[in-house]
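Down below is the structure, laid out as structure tokens.
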Amino acid sequence: MYLSTSRASDIAGNTPAPKGPVRAVPGTVFALGLVSLVTDVSAEMVTAVLPLYLMAGLGMSPLAFGALDGLHQGATAVLRLAGGRIADRTRRHKLVAGTGYALSAGCKAALLAVTTPWSVAAVLAADRTGKGLRTAPRDALISLSVPPGEQGRAFGVHRAMDTAGALLGPLAAFGVLWVAVDGYEAVFTVSCCVAVLGVVLLALFVREAPPPAAAPARAARPAPPPVRTLLRLPGLRGLCLTAAVLGLFTVGDAFLYLLLQRRLDLPAAYFPLLPVGTAAVFLLAALPVGRLADRLGRRRVFLGGHVLLLGAALLLLAPVPAGAPLVFGVLAALGLFYAATDGVLMAAAGPLLPAGLRTTGLAVLQTAQALARFAGSLLFGSAWTLWGPGVALGLAATGLLLSLVAVAVFGGTRAERPS
């Protein structure tokens, strides 16, 4: 369906953007945005308290937390490939995504029964398995709902709704902790109930993507090609390499929040409010940045997002007084980083992939990025343990700067020629 229109210029944003009044996104995009909003409220309630719960409450070391954060980022990334292949082979994107959402909801309940750092890690690994299963089918449902020239806008709308949940989740966690001091179990209980609501919304309101128009209704479904075949598609291999190289030096936001909390000497009860600032900026910027990527070029915007992340790291390293300017600068840069990278990367890849392979192709890209971020979290946690947080952040910032230069010099922002 999209193979004939997936010129390499799409990746650079050369596909004409819609003109005239802004049209409403398809119902599938809005419904998935609503599911993601509710699910992110649940997920971010846990994520907001997790660093302090593990390091201050359960005594986990920075190295161990780095390993766990890496696991949270990408240790189950191979499940993205499994979810993508199953969804493409069965054309049951909604069912595969729903299985992932249901698994994650069950893990929120399991957090109530575990009390040691590594039992928590096991539950989080299962939760990430659910996320790995659902992410590519969900993004494929979005990508298949809109034409190539509107991918950035559609993903921008979805990520804006998703981020509204990321904004409300830490606020909900803050409210629970305010009422119940050290009430981590109460946070986990409320999170579980909200996650179940997300599964119900998916079952009731999300519709399965229609089959490609050119395919007969009862045609046999060939198995998706192996990963090496997908990587031969024009532009996809370069995108995977770019995402992996930059992902290796992407400092997890949990580490940045911990560093900011140390600089501010922030009480534990206020720690969940730090992600709120990031989410608020992401929420406001997701749709405008998505539309900008459709016009200016999705790779350029993606690289620009990593420049903003580098700026957040440099702010934390600079001798800036611990006050409002530091907080606003770091959180704003981090929020803009997510707005310029999260949905934009998927919008860049979507038009390069034929409809029948959309989920698997997106999963390949997500896996490359997630595995790199997993390795990066391990390296950052190791550097923190050996040399301290300042040196670790300095090394990560240097690596990110060199990676950005290398990607730009060797074609990261250059439009690729159609094959």
Side-chain angles (χ1 to χ4, degrees), residues 1-3 25-40 43 76-107 126-147 151 154-155 158 161-162 195-227 229-230 233 236 343 346-347 349-367 370:
M1 176 177 174
Y2 287 113
L3 190 58
V25 296
T28 296
V29 176
F30 182 81
L32 285 168
L34 187 61
V35 172
S36 292
L37 187 156
V38 172
T39 302
D40 245 36
T76 57
V78 67
L79 269 299
R80 299 172 188 260
L81 289 175
R85 289 178 69 86
I86 292 170
D88 276 341
R89 185 160 192 156
T90 63
R91 302 292 192 268
R92 304 293 295 275
H93 301 82
K94 177 180 173 179
L95 177 61
V96 177
T99 302
Y101 280 109
L103 180 57
S104 292
C107 290
D127 176 72
R128 294 299 92 184
T129 298
K131 183 174 179 62
L133 283 174
R134 72 179 183 250
T135 301
R138 180 204 66 197
D139 285 349
L141 283 168
I142 297 170
S143 183
L144 289 167
S145 300
V146 293
Q151 298 277 315
F155 278 101
H158 174 268
M161 297 181 70
D162 180 271
V196 171
L197 175 60
V199 177
V200 173
L201 290 174
L202 178 80
L204 293 179
F205 297 111
V206 174
R207 295 183 178 180
E208 184 63 74
R218 299 179 180 270
R221 296 166 179 167
V227 171
T229 302
L230 280 170
L233 291 175
L236 184 61
M346 296 299 101
L352 299 176
L353 300 162
L357 304 176
R358 189 71 51 90
T359 316
T360 305
L362 293 179
V364 168
L365 178 58
Q366 292 165 358
T367 298

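Residues take their numbers from the sequence shown, with the count starting at 1.
Side-chain contact between Ile86 and Arg89 is absent, with no heavy-atom pair separated by less than 4.5 Å. No side-chain heavy atom of Val206 sits less than 4.5 Å from a side-chain heavy atom of Arg138. Between Val199 and Leu202, the closest side-chain pair of non-hydrogen atoms is not below 4.5 Å.
Contacts of Asp162 classified as salt bridge (charged side-chain N to carboxylate O under 4.0 Å, His left out), with partners at least two apart in sequence or in another chain: none. Here Asp40 pairs with nothing under the side-chain hydrogen bond (donor to acceptor under 3.5 Å, both in side chains) rule; sequence neighbours left out. Partners of Ala87 under the side chain to side chain contact (heavy atoms under 4.5 Å, CB included) rule, at least two apart in sequence or in another chain, are His93, Val96, Pro137, Thr359. Scored by the side chain to side chain contact (heavy atoms under 4.5 Å, CB included) test, Ser104 finds Lys108, Asp127, Arg134 as partners (sequence neighbours excluded).
For the atom pair Thr90 OG1 and Arg85 CZ, the distance stands at 12.0 Å (nearest 0.5 Å). Of the inter-residue distances, the one linking Thr99 atom OG1 with Leu95 atom CG reads 4.5 Å to the nearest 0.5 angstrom. With values rounded to the nearest 0.5 angstrom, Leu353 atom CG is found 10.0 Å from Leu144 atom CG. To the nearest 0.5 angstrom, Tyr101 atom OH is 5.0 Å from Thr39 atom OG1.
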Report the C-alpha distance between Asp139 and Phe155 in whole Å, list the side-chain angles of each, state the deciding distance to 0.1 Å, and finish with yes or no for side chain to side chain contact (heavy atoms under 4.5 Å, CB included).
-> CA-CA 8 Å; Asp139 285 349; Phe155 278 101; 3.8 Å; yes
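Between the side chain of Gln151 and the main chain of Gly350, no donor-acceptor pair closer than 3.5 Å is present. In terms of modelled atom types and a separation under 3.5 Å, the side chain of Lys94 and the main chain of Leu141 share no donor-acceptor contact. Using a distance-only test at 3.5 Å, with no hydrogens or angles considered, no donor-acceptor pair links the side chain of Arg358 to the main chain of Ala140.
Minimum heavy-atom separation, Gly100 to Leu133: CA-CB, 4.1 Å. Counting all heavy atoms, side chain and backbone alike, Ala126 lies closest to Leu103 at O-CD2, 3.7 Å. Closest of all the heavy-atom pairs between Ala136 and Leu362 is O-CD1, 4.5 Å.
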I'd like a table of donor-acceptor pairs (distance under 3.5 Å, sequence neighbours excluded) in which one partner is a side-chain atom from residues 29-36, with atom names and distances.
from: Ser36; atom 1: OG; to: Leu32; atom 2: O; distance (Å): 3.1
from: Ser36; atom 1: OG; to: His158; atom 2: NE2; distance (Å): 2.9

